Number of protein chains: 2
Amino acid sequence: MTARTPDSARDIPEATVARLPVYLRALISLAEEGTTTCSSEELAAFAGVNSAKLRKDLSYLGSYGTRGVGYDVEYLRYQIAREIGVTQDWPVVIVGIGNLGHALANYSGFRSRGFRVVALLDADPDRHEEVVAGLDVRSFEDLESIVAEHDVSIGVIATPAVAAQSVADRMVATGITSILNFAPAVLSVPDGVGVRKVDLSIELQILAYHEQRKSIAPGAGAVS
Amino acid sequence: MTARTPDSARDIPEATVARLPVYLRALISLAEEGTTTCSSEELAAFAGVNSAKLRKDLSYLGSYGTRGVGYDVEYLRYQIAREIGVTQDWPVVIVGIGNLGHALANYSGFRSRGFRVVALLDADPDRHEEVVAGLDVRSFEDLESIVAEHDVSIGVIATPAVAAQSVADRMVATGITSILNFAPAVLSVPDGVGVRKVDLSIELQILAYHEQRKSIAPGAGAVS
DNA sequence: AGGAGTTTGTGAACGGGAGAACAAAACGAG
DNA sequence: CTCGTTTTGTTCTCCCGTTCACAAACTCCT
């Protein structure tokens, strides 16, 4: 019996999903400075997008605005948070506690945005003595038990590139279904497992391409 | 009848530009394991994309393959590197030496991919005593002289969100024309200045959205 | 109460990218 | 030399996302 959830079963375009967190951040800023109501124009300026795009994006969630008035900041903030799923706390494990893993473990933005780092894992026994961000660095072998104990479904990979695929395989085997990959490697995972990658040097290379263009042909276009 | 692009193809789609670094990384891997020639099918598998898409992407650069044979790994590697502009070394400054700035300063992937961190800057005088990754942490006030001295055109922002816009303004004023922003804030810059952003928690929120979807409606699609 | 002024939500046009399919070119066998 | 095989480069079609433009809906003022 497939009970279709009429409330949140709508298909929100991927491009819109990627912008919802930006809107959420903008709304939190507005709320902090005491604004209770805002127009699509204002919010769009805060989020750095076109106001028509913003309205269309929000229309996928429902009709949460009032014509002639705008949006209630608190109400819209809650609706977006609920749609994304960050009204609850998501437990997260980080694998690979090198320079980047350290930084991620200490990053306060995770905690404040609905994520809780429950464990730090590393394959190197020399690191198991360390305490980072108030957490013991534990053996990678403990992955299964930690995932089971905390019901973890999101994993972060911050290992060197060579280790990334095997870590991902192990994560998938333990039941993790979403992976954020910082290693400069292409991961292959089964259908149904979500992967997003962040590659620091790729971003710089894209900038370098446009930078080179500018010096060759001055007056060329900007970067999106 | 396609006008042959003699030197550098003029209009490379943005989506293609974003994938070129991935192809470059794949080619370097292939070269390291001794492969001298590869087909579009092989290379596409290495890069995690469709082979038709790969061929179309490469066609924007020129005709560097041989029909019936494939691509010469070394030759194609050089051509892509040249197109991106990473045959030369790009000097880069990092502003904001907190946890993330530390990690970025120590990240070896920058150096090996055509970027050289020439200075680390922080507004906090307490940090000016530190030495990170072999570089003195210097005052943010030194930005102008450093940019002038090393002819820097790419800057990295790893400050808290509140400082990001003023740092960007200052960077633009000194002549920096490409910015990689890790702060969770929307930057506004003049036309002609390129900005790319990396937001760690946004990526997690996107994963959370799909994760929530899975638990509500099992059998739903994966993440792109 | 009614009209003027705002602002949302959305239908429709538009542009760019993804993928399938195929013709052109290179190589090797006979 | 000719034919068959392989693989690239390109064309064509479809789909997603962006943007425009406007009717609907709400507030405020008289």
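All values derive from a computational prediction rather than experimental measurement. Computed over heavy atoms, backbone and side chain alike; hydrogens, waters and symmetry mates excluded. In what follows, chains carry the letters A, B, and so on, assigned in the order in which the sequence lines appear, proteins first and then strands, with residues in each chain numbered from 1.
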Atom CG of B:D72 and atom C1' of D:dT8 are separated, to the nearest Å, by 15 Å
| field | Exercise: do A:D199 and A:S201 side chains pair donor with acceptor under 3.5 Å | value | yes
Within less than 4.0 Å of OP1 or OP2 of D:dT18, is there a side-chain N or O belonging to A:R19? yes
request  = State, without any angle test, whether A:R213 and A:Y209 hold a side-chain donor-acceptor pair at a distance under 3.5 Å.
outcome  = yes
Side-chain contact check for A:S40: nearest option of D:dC26, C:dT8, D:dT18 is C:dT8
Quiz prompt | Side-chain donor/acceptor of A:E32 to backbone N/O of A:S29, under 3.5 Å | solution = no
Here the distance between atom C1' of D:dT6 and atom CD of B:E41, to the nearest Å, is 12 Å
Among D:dG9, C:dA26, D:dC20, the one nearest any side-chain atom of B:Y71 is D:dG9
Out of C:dT8, D:dT18, C:dG19, minimum distance to the side chain of A:R67 belongs to C:dT8
Separation of C:dA20 atom C1' from B:L54 atom CG, nearest Å, is 16 Å
Against the side chain of A:K53, the closest entry in C:dT8, C:dA18, D:dT18 is D:dT18
Taken to the nearest whole Å, CZ/B:R55 to P/D:dT6 is 15 Å
Of B:G70 and A:D57, the one whose nearest nucleotide on DNA chain D sits closer to the 5' end is B:G70
Side-chain atoms of A:S59 come closest, of C:dG17, C:dT10, D:dC20, to C:dT10
Rounded to whole Å, the CG-P distance (B:L61 to D:dG9) equals 10 Å
From CD of B:E42 across to C1' of D:dT6 the rounded distance in Å is 13 Å
When rounded to whole Å, the CG to P distance for the pair B:L58 and D:dT10 reads 11 Å
- Do side-chain atoms of B:K53 reach the backbone of B:A44 as a donor and acceptor pair under 3.5 angstrom? no
Report task. Without swapping roles, check the side chain of A:E74 against the backbone of A:A31 for a donor-acceptor pair under 3.5 Å. Result -> no
Suppose we call a contact any N or O donor and acceptor under 3.5 Å apart; does that hold for the side chain of B:K56 and the base of C:dG19? yes
Taken to the nearest whole Å, CG/B:N50 to C1'/D:dT8 is 14 Å
